[in-house]
Amino acid sequence: MTLSFRLIALLVAGVTLVVVVAAWSEVRAERFALQVELQQRAEIVADRLREAAEPALRANSVKALAGIVERLVARQGLGGVAVYDANMNPVAVSAAINDATGGHPSVGAGCEVPQGCSEFVSLAGRPLFAYTTPLQGELKSAALLTVFLDASMMAGTAGRVWRNALIFVVPQVLLIVVITYFVMQSAVLAPIARTARWMRDLRFGRVSPRAEGQPGSLLDPISSEAASLAQSLASAKASAETEARLRETADSLWTPERLRVGMQERLRGTRLIVVSNREPYEHVRRGRSIEAVVPASGVVTALEPVLVACDGTWVAHASGDADREVVDARGRVRVPPDRSRYTLRRVWLTPEEEEGYYFGFANEGLWPLCHIAHTRPIFRVNDWEHYRQVNRKFADAVLDEMRDVERPVVLVQDYHFALLPRLIKDARPDARVAMFWHIPWPNPEAFEICPWQQELLDGMLGADIVGFHIQAHCQNFLETVDRAFECRIEWDRLAVRRREHTTCVRPHPISVAFETPSDETADRPGGPGESTAVRPAFTPAEFVGVGVDRVDYTKGILERFLGIERFLDKYPDYRTRFTFVQIGAPSRTRIKRYQDLLVDVQTEADRINRRFGAAGWRPIQLLEQTQNHRQITALYRAAQLCLVTSLHDGMNLVSKEFVASRNDDDGVLVLSQFTGASRELRDAVRVNPYDIEQLAEAIRFAIEMPDEERRIRMRHMRREVRTHNVYRWAAELISEVAEVRVEAPDRLPGAMLTTVHS
Ligand code: F6P
């Protein structure tokens, strides 16, 4: 039997019982009332009889008494009257009673109480009420009197009550059952059924754990309890799944989600602060509106996905002409502009500071010093002063950002901030600081050229971790420190022990995001699936080569052009069939060396185009405007080969971006042996960019490479970039620095601080 039927049966039984009990008690009450009424009437009749019989009694006349009895019965419409003597022998009995009892009614025998006795009797099938009372009179033979009243109305009343009860019980039961059923259905059963359905769907993960039902429903408290229980279960389940997923892919794929979850655990509630010179978004004026532009920068390409995943703070130089217009009072703005995933804290520099620190010391001094690309480094005292000043300015901004944060984790980026780790550590010994040097580190003899090498090294050794892209740069750095300072180098674990502080030196090859269609960034411009959506900004040819660089002398753009010239020289068949598209984003154009280079690049492209150009065809198409991610991705996908010919490069992310963009497993990467990337991308065609003959051969080799070989090489490289993506780089670097234990920072002065690496 279903629950509803059981409920209805119970209801019917319950209501019937109630009605029966009510009818029974009504019958009892009515009977009692009638009995009282009969009793009163009988007493009155008895009194009258006494009065009327008095003379007869006094005269001791039985005959007269019988006459009075008969008259009274007739007049009052009584059931009958009987008078007895003391021995209960009838003295005078009315005719009807006489007939019914054969003259001997034994009713009332033994009644001696003065107030009389009453009972119901049935004589000759007739229901009667008999009231017996003593007679006080002189007629000694007449001692008791019984008055019989018709009691048939008693049975009638009971019958009526029971009949009424039965007549009403059915509709009453029906009505109550129907009302109860509907109330139960709408207020209880339906919400329960809905809640049960929702809980089942929840179990199968088909709905979200939100409280089910309408507000005000009886089940509200249960629903909301169930919802919060479900929420806890859902989040426990999600964590378990994430954990399982992470365990499964522990040695392979790092995703933004894995980084986010993993870093939450590592950072344990503290904040990630990243510092770099270049900001990820420059707000620039375009007529009346303000646009957010992503600058061409390897550091920006690499760090943006990390900040998006961890929601940290990025402190950077404000370089856009509308930067001030979008920030709050502390120079902060949430970015990316359309998604608001992390905080950008801008630092403003005066033109003199920018000139001395950025163009001067960083890019005319350290940049050529570290790249060894045959451009002489220039070191000016004035630039050095600005460099120090700007490092202090950034330290102030970083310290301001971490003022409410305990044991913050700071990632200092690049050669612009060699002094920053020491400045931060001195002020905040509890901070855990990593410094990542994105450009090569030369041998000690080369670095010694810098007049302020000691100050730079001391600043860097304030960090707990110093990272480079490759092992060789770590080795060079340690040798440089070894020659510069009195300190202990632990060669077995690549660490410097100096002034009670340990700095670990680690290779962490940086990479790109390697977006998959499921990544959250997939919908951003230039994300996967857009190869055909963007029209390439060049004239197509049978074979297309591509180069994407800032116009910088370290990138080997001129050497690349010479290689193309030689290729067309040696293999004239490819003239008109091969086009090389060079995106050359102007860079650091306030520096004369860069201005000259820009002119050289244009002149060289023109010269080669003049030499080989034919109607409608130019071998080199130079696009000097900065292209966005979407346009560059389209270009990468349209090309047969990508030329990366850096004379020296810390890593070179263009090579990895090209590989990441080739979701068709096609395309050939020609890669300089002097890039950090060449250590990982072993399936690229490796070249020495100074060897022009080799460059020309590499271009031909790439164009003529059989399909199968091309795909195998590209698949290998894609696997490498996918597994060693930027999330893994960030996770390894952050994990390492987050594990640093700063011993008793409150008791030790900054200079005496002991840092332990686990
Ligand atoms: O590699 C060092 C680096 O700082 C990278 O971020 C980037 O590729 C390039 O130099 C950017 O230079 P800038 O910020 O001076 O334009």
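Treat the numbers as computed from the prediction; the structure is a model and nothing was measured. Start at 1 and go down the list; that is how both ligands and their atoms are numbered.
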Of all heavy-atom pairs between D464 and A431, which one has the smallest distance, and what is that distance?
OD2-O, 3.9 Å
Nearest protein heavy atom with distance in Å, relative to atom 6 (O) of ligand 1:
V299 CG2, 2.9 Å
Determine, step by step, whether H438 and H469 satisfy the ring pair (Phe, Tyr, Trp, His ring centres under 6.0 Å) criterion, reporting the C-alpha distance in whole Å, the side-chain angles of both residues, the deciding distance to 0.1 Å, and the verdict.
CA-CA 7 Å; H438 288 262; H469 292 302; 5.6 Å; yes
Can you list the steps and then say if T675 with S655 is a side-chain contact (heavy atoms from CB on, under 4.5 Å)?
CA-CA 10 Å; T675 59; S655 56; 5.8 Å; no
Contacting atoms of ligand 1, where contact means under 4.0 angstrom from a heavy atom of I439:
1 (O), 2 (C)
Given R278, H438, R550, which has its nearest heavy atom closest to atom 11 (C) of ligand 1?
R550
Looking at ligand 1, is there an atom of it that comes within less than 4.0 Å of some heavy atom belonging to S297?
yes
Could you tell me which residues satisfy side-chain contact (heavy atoms from CB on, under 4.5 Å) with R330, sequence neighbours excluded, listed by chain and number?
D328, R332, R345, D400, E401, R403
Closest to atom 10 (O) of ligand 1 by heavy-atom distance, out of H416, H317, R588, E279, is R588
For atom 7 (C) of ligand 1, what's the nearest protein heavy atom and its distance?
G298 N, 3.3 Å
Cation-aromatic face contact R588/W367, 6.0 Å, 45 degrees:
yes
With sequence neighbours left out, write down each residue that passes side-chain contact (heavy atoms from CB on, under 4.5 Å) with T603, or none if nothing qualifies.
V599
What protein heavy atom is closest to atom 4 (O) of ligand 1, reported as residue, atom name and distance in Å?
D414 OD2, 2.8 Å
Considering the heavy atoms of Y358, write down every atom of ligand 1 situated less than 4.0 Å from one of them.
13 (P), 14 (O), 15 (O), 16 (O)
Enumerate the atoms of ligand 1 whose separation from the nearest heavy atom of W367 is less than 4.0 angstrom.
2 (C), 10 (O)
Relative to the ring of F561, is the ring of F580 parallel (under 30°), tilted (30 to 60°) or perpendicular (over 60°)?
perpendicular
contact_flag Q413 ligand 1 heavy-atom lt 4.0 Å:
no
